[in-house]
Protein chains: 2
Amino acid sequence: MSNDNKKISLAVVRRLPRYYRYLYDLLQSGVTRISSRELSEKMGVTASQIRQDLNCFGGFGQQGYGYNVQNLFNEISKILGTDHRFNVIIIGLGNMGHALANYENFKKRGFDIIGIFDIKPELIGTTVNNIKVMHMDELDEFVKNNRVDIGILSVPYGQTPAIADRLGRLGVKGLWNFSPMDLKLPYDTEIENVHLSDSLMVLGYKIDSKMKK
Amino acid sequence: MSNDNKKISLAVVRRLPRYYRYLYDLLQSGVTRISSRELSEKMGVTASQIRQDLNCFGGFGQQGYGYNVQNLFNEISKILGTDHRFNVIIIGLGNMGHALANYENFKKRGFDIIGIFDIKPELIGTTVNNIKVMHMDELDEFVKNNRVDIGILSVPYGQTPAIADRLGRLGVKGLWNFSPMDLKLPYDTEIENVHLSDSLMVLGYKIDSKMKK
DNA sequence: TAGATTGTTAATCGATTAACAATC
DNA sequence: TAGATTGTTAATCGATTAACAATC
């Protein structure tokens, strides 16, 4: 069984997409097997960590052999849910919403954008990357009639809390938040923040602290 | 002195922008003083962690009183380098580059976008959000004549390593990478990755693992 | 002064690394 | 079989939390 009731730490979970990427690249290069040591050298982590991480989910390797790349990739895909699809809607078709609607990598990773919502009249009824743009008034109806797993929040700062609450109330399971604020909802809604400015500030800090040395 | 040679852990550094945001909001609300306990309740962390974090950089509080909000905000701004400005260029004016060029929050946090580079002839010479779009051929000259602290990499996957290397060689101090790959440069260049798809996959994992319970 | 809250040391917890028996 | 490498336990390291003396 791939996922028991034992709690996996978020530190491990956040490393999974990285394994996914490296294994995908190895597959592309035609590599069929790899040991934790070889992978650790490529990734710049310890072989110990790789084995510990993978064994949170099951014994995917074989003593004396290592890991079969295709098999390990499949297992990690399954853990990350990429074996099924996630239905995603975008709320807010500003510059960021536009960029996300056109980002092709999401589909490859198992995420299908099935609708975009905004309030600007001139946008309603158009399509972006073949995705229909609807009015926010149609949101509730749409979520009731379609399985919506994830809502991408790319709306102005001030509107974020109210729309997040609305999506949570509608039963959307996850929110991907691009506003520079931390969301807390009283629903069973998972939240993942992007916080671009925070990331840029961390880069600024790194640069400054290197200068001082 | 605000920053000694003692090494601050990245875990602490990544929390700084969050303190910055909360203190900014408190300032806006007219709050003049706050204790670590009050702030801890707002932020959902322990008061101990807040005091530990802040004391990595100096004693900004006062026994029996707490912290002066304006003063603490100023100190954290200084630590994050927001008291001076960072000059930033965007490489790649696709959908993401466009979104970033128009994102107003960066300026507020101390980052000025001073140029955009692309190769599409129809874009060269235009402006986006008052920022001049130049050809990649002009990049080296531009970097030599202007202080460029940070390069934002929003170019196609395949071109990322070569352009990253070129910026590193030109002495750009930090790269903000939007491609789903890990960069490693032989220069003194700090790198901060955004990895949007990774973040979305973590959200997918959270949703799935909650379902299984 | 008495009360409150910091700065800081000590204790705890969790995550990473090392080591090695199991086994392919 | 002998060599290699995993899965897993034990040791270490670092980060978080608790406690409290210092002090405003």
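Atoms considered below: every heavy atom in the structure, side chains included; atoms not considered: hydrogens, waters and symmetry mates. Lettering follows sequence order; numbering is per chain, from 1.
- Across all strands shown, D:dC20 pairs with C:dG7; the Watson-Crick or G-U wobble distances both stay below 3.5 Å.
- Within a heavy-atom distance below 4.0 Å of DNA chain D, the residues of residues 62-72 of chain A found are A:Q62, A:Q63, A:G64, A:Y65, A:G66, A:Y67.
- Using a 4.0 Å cut-off between a side-chain N of Lys or Arg and a carboxylate O of Asp or Glu, B:E192 and A:K206 qualify as a salt bridge.
- Using a 4.0 Å heavy-atom criterion, one finds that B:T46 contacts the sugar-phosphate atoms exclusively.
- At the heavy-atom level, A:S35 lies under 4.0 Å from the strands shown only through sugar-phosphate atoms.
- Between A:F60 and A:Y67, the ring center distance fails the sub-6.0 Å criterion.
- Panel note: side chain A:D149, backbone A:N87; a donor-acceptor pair is recorded below 3.5 Å.
- Tested against B:D198 for a side chain to side chain donor-acceptor pair (under 3.5 Å), the candidates A:R21, A:R14, A:R18 yield a single pass: A:R21.
- Applying the ring pair (Phe, Tyr, Trp, His ring centres under 6.0 Å) test to B:Y103 and every residue at least two apart in sequence or in another chain returns B:F106.
- For A:F73 and A:Y19, the distance between ring centers is not under 6.0 angstrom.
- Using a distance-only test at 3.5 Å, with no hydrogens or angles considered, a donor-acceptor pair links the side chain of A:S154 to the main chain of A:I91.
- Each of A:S9 and B:I34 was matched to the nucleotide of DNA chain C holding its nearest heavy atom; the match closer to the 5' end belongs to B:I34.
- No salt bridge links B:K108 with B:E104; every basic N to acidic carboxylate O contact stays at or beyond 4.0 Å.
- Close approach of DNA chain C to chain B, defined as any atom under 4.0 Å from a non-hydrogen atom of the protein, starts and stops at C:dA4 to C:dA10.
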